[in-house]
Amino acid sequence: MAGKEILHKMKEKVGLCSSTASGKGKSKMSKNVTHGFHLVKGKSHHAMEDYVVAQFKQAGNNELGLFAIFDGHLSHVIPDYLRLNLFDNILKEPDFWKEPENAMRRAYHITDTTILDKSADLGRGGSTAVTAILINCQMLVVANVGDSRAVICKNGMAKQLSVDHEPSVERKDIENRGGFVSNFPGDVPRVDGQLAVARAFGDKSLKKHLSSEPDITKEVIDEDTEFIILASDGLWKVMSNQEAADAIKDIKDARLAAKHLVEEALNRKSKDDISCIVVKFQ
């Protein structure tokens, strides 16, 4: 295999890309559970700011599906740092197996504190995050800050598992911290006139007015579960949850399903970076 091909395969495996990346994998515990991802750089002039994690990992006698999308703003360094560190911090928590929600909440806090402490090296800006841990193909635990989103489809019906942290919704909390939410004509609401999400990792200059507290949801994977979609807001700005679910309900290959959703977002004129992970339960 040529050097360029090897490098491309390595980038596919870990979810790195300069303009486009794609990859897939499957559970060893259940052959019916597969995942695929696809990323496309938007039309902005800065470097790609979306990163993904999509892998199955053995943990003793258990198997974990680790899935995440990190959507940076004014930074590609911080989402890459999250890609490398957030799941490790979650799994280091001693009570992860008993209380995964608490472990994820503490790990989000610890990770954000570290990013702020290392701001001289990591630079300005920040990142949203949606993380999903699939435990033994039976239980899904989702945590998020920002506006990347997790959606599960059961019996053809889409259900949102994450919370879009919009400044307009969290205005009172932001104002109680001493900040404000701008709402200029032709623009979206922004924290202190700058950031279009109310929660994020990093953003040291805005941190007094921002939260990095995740919303966390647990969902049982049962026989009605068809698939999970994780995607950055580049997809959700132009598609509803149900539209996304309907678009891939008949696509069995998870990678092709993720690619189809990204291409549909592009067809609908999304100009942002677009990242998508699909986990299929056949």
Exercise for the section: Would you check if F70 and D80 make a side-chain contact, meaning some heavy-atom pair closer than 4.5 Å? Expected result: no
Practice task
Indicate yes or no: at least one non-hydrogen side-chain atom of D215 is less than 4.5 angstrom from one of R199.
Solution key: yes
Handout entry: Any donor-acceptor N/O pair, W236 side chain to A231 backbone, under 3.5 Å
Key = yes
Fill in the blank from the handout: Only residue of V142, V151, I152 satisfying side-chain contact (heavy atoms from CB on, under 4.5 Å) with I228 is I152
Practice task
Please determine, by modelled atom types, if N183 and R190 share a side-chain donor-acceptor pair under 3.5 angstrom.
Solution key: no
Practice task
Check the pair R268 / E264 against salt bridge (Lys or Arg N to Asp or Glu O under 4.0 Å), numbers first and verdict last.
Solution key: CA-CA 6 Å; R268 297 184 182 205; E264 181 59 28; 2.8 Å; yes
Problem - Approximate separation, where rounding is to 0.5 Å, of H165 NE2 and E170 CD - result: 5.5 Å
Practice task
Group every Ile, Leu, Val, Met, Phe, Trp and Tyr by side-chain heavy-atom contacts under 4.5 Å, then state whether L206 and Y81 land in the same group.
Solution key: no
Exercise for the section: Look at atom CE of M139 and say whether more than 12 heavy atoms of other residues, nucleotides or ligands are closer to it than 6.0 Å. Expected result: yes
Practice task
Go through the side-chain N and O atoms of Q58 and N62 and say whether any donor and acceptor fall under 3.5 Å apart.
Solution key: no
Exercise for the section: Considering non-hydrogen atoms only, spot the tightest contact between E49 and S75 and give its length. Expected result: OE2-N, 3.1 Å
Handout entry: Validation row: L82, T111 side chains within 4.5 angstrom (heavy atoms)
Key = yes
Exercise for the section: First locate atom NE2 of H109, then atom OG of S211, and finally report the distance between them rounded to the nearest 0.5 Å. Expected result: 10.5 Å
Handout entry: Pair D233 + K237, salt bridge at N-O below 4.0 Å
Key = yes
Fill in the blank from the handout: What one should report as the nearest heavy-atom pair of R124 and I78 is O-CD1, 3.9 Å
Handout entry: Rounded distance [0.5 Å steps], OG1 in T128 versus CD1 in I69
Key = 9.0 Å
Handout entry: Hydrophobic cluster identity match, L210 and L122, side-chain contacts under 4.5 Å
Key = no
Practice task
Could you tell me whether the side chain of V33 reaches within less than 4.5 Å of the side chain of L134, counting heavy atoms only?
Solution key: yes
Exercise for the section: List the steps, then state whether side chain to side chain donor-acceptor pair (under 3.5 Å) holds for D192 with H209. Expected result: CA-CA 8 Å; D192 295 354; H209 308 152; 2.6 Å; yes
Handout entry: Contact check, side chains of F281 and N32, non-hydrogen atoms, under 4.5 Å
Key = no
Problem - For S275 against M48, the heavy-atom pair lying closest together - result: OG-CE, 4.3 Å
Practice task
Please report the shortest heavy-atom distance between L64 and A59, naming the atom on each side.
Solution key: CD1-CB, 4.4 Å
Exercise for the section: Flag yes if W97 and F87 sit in one hydrophobic cluster, no otherwise; membership is Ile, Leu, Val, Met, Phe, Trp, Tyr, and two members link when side-chain heavy atoms are under 4.5 Å apart. Expected result: yes
Handout entry: More than 12 heavy atoms from other groups under 6.0 Å of CG on D222
Key = yes
Exercise for the section: Give a yes or no on whether a salt bridge exists between D121 and K118, defined as a side-chain N under 4.0 angstrom from a carboxylate O. Expected result: no
Practice task
Taking the six-membered ring for Trp and the single ring otherwise, decide whether the centroids of Y108 and F201 are under 6.0 Å apart.
Solution key: yes
Practice task
List the steps, then state whether side-chain contact (heavy atoms from CB on, under 4.5 Å) holds for L91 with K57.
Solution key: CA-CA 11 Å; L91 300 181; K57 180 177 181 177; 4.1 Å; yes
Handout entry: Student check: side-chain heavy atoms of V141 and M104 closer than 4.5 Å
Key = yes
Handout entry: Any donor-acceptor N or O pair under 3.5 Å, side chains S27, E63
Key = yes
Fill in the blank from the handout: The side-chain contact (heavy atoms from CB on, under 4.5 Å) partner of V197 among D147, V145, D203 is D147
Exercise for the section: Any chance you could measure N267, atom CG, to M239, atom CE, to the nearest 0.5 Å? Expected result: 10.0 Å
Handout entry: Heavy atoms from other residues, nucleotides or ligands near NE2 of H73 exceed 12 (cutoff 6.0 Å)
Key = yes
Exercise for the section: May I ask you to decide whether K41 forms a salt bridge with D50, counting only side-chain N to carboxylate O separations under 4.0 Å? Expected result: no
Practice task
Scan I251, I248, L256 and name whichever one has a side-chain contact (heavy atoms from CB on, under 4.5 Å) with V278.
Solution key: I248
Handout entry: Heavy-atom pair of closest approach, residues E243 and V238
Key = OE1-O, 4.2 Å
Handout entry: Carboxylate-amine/guanidinium proximity below 4.0 Å for D253 and K280
Key = no
Fill in the blank from the handout: Taken to the nearest 0.5 Å, the spacing of N85 CG from I110 CD1 works out to 12.0 Å
Exercise for the section: Measure the shortest side-chain to side-chain distance between Y51 and D71 over non-hydrogen atoms and say whether it is less than 4.5 angstrom. Expected result: no
Handout entry: Sidechain-backbone polar pair: E99 side chain, E101 backbone, donor-acceptor under 3.5 Å
Key = no
Problem - Residues D95, R106: salt bridge by 4.0 Å N-O rule - result: yes
Handout entry: E219/K154 ion pair, N-O < 4.0 Å
Key = yes
Practice task
Determine yes or no for a side-chain-to-main-chain donor-acceptor pair under 3.5 angstrom, with Q242 supplying the side chain and G156 the backbone.
Solution key: yes
Handout entry: Connected via hydrophobic side-chain network under 4.5 Å: I115 and V191
Key = no
Exercise for the section: Please find out if less than 6.0 Å separates the ring center of F67 from that of F56. Expected result: yes
Problem - Flag, side chain of T225 to backbone of I221, donor-acceptor distance under 3.5 Å - result: no
Exercise for the section: Find out whether I229 and V279 are in side-chain contact, i.e. whether some heavy atom of one side chain is under 4.5 Å from a heavy atom of the other. Expected result: no
Exercise for the section: Would you check if the side chain of S162 reaches a backbone N or O of N144 as a donor-acceptor pair within less than 3.5 Å? Expected result: no
Handout entry: Single-linkage hydrophobic cluster, 4.5 Å side-chain cutoff, V163 and I133 together
Key = no
Problem - Minimum heavy-atom distance A245-C153, with the two atoms named - result: CB-SG, 4.1 Å
Exercise for the section: Could you check D164 against R149 for side-chain contact (heavy atoms from CB on, under 4.5 Å), going step by step and ending with a plain yes or no? Expected result: CA-CA 7 Å; D164 295 345; R149 191 181 297 173; 2.5 Å; yes
Practice task
Look up atom OG in S205 and atom CD in Q194, then write down how far apart they are to the nearest 0.5 Å.
Solution key: 5.5 Å
Exercise for the section: State plainly whether the residues E213 and R105 are in salt-bridge range, i.e. N to O under 4.0 Å. Expected result: yes
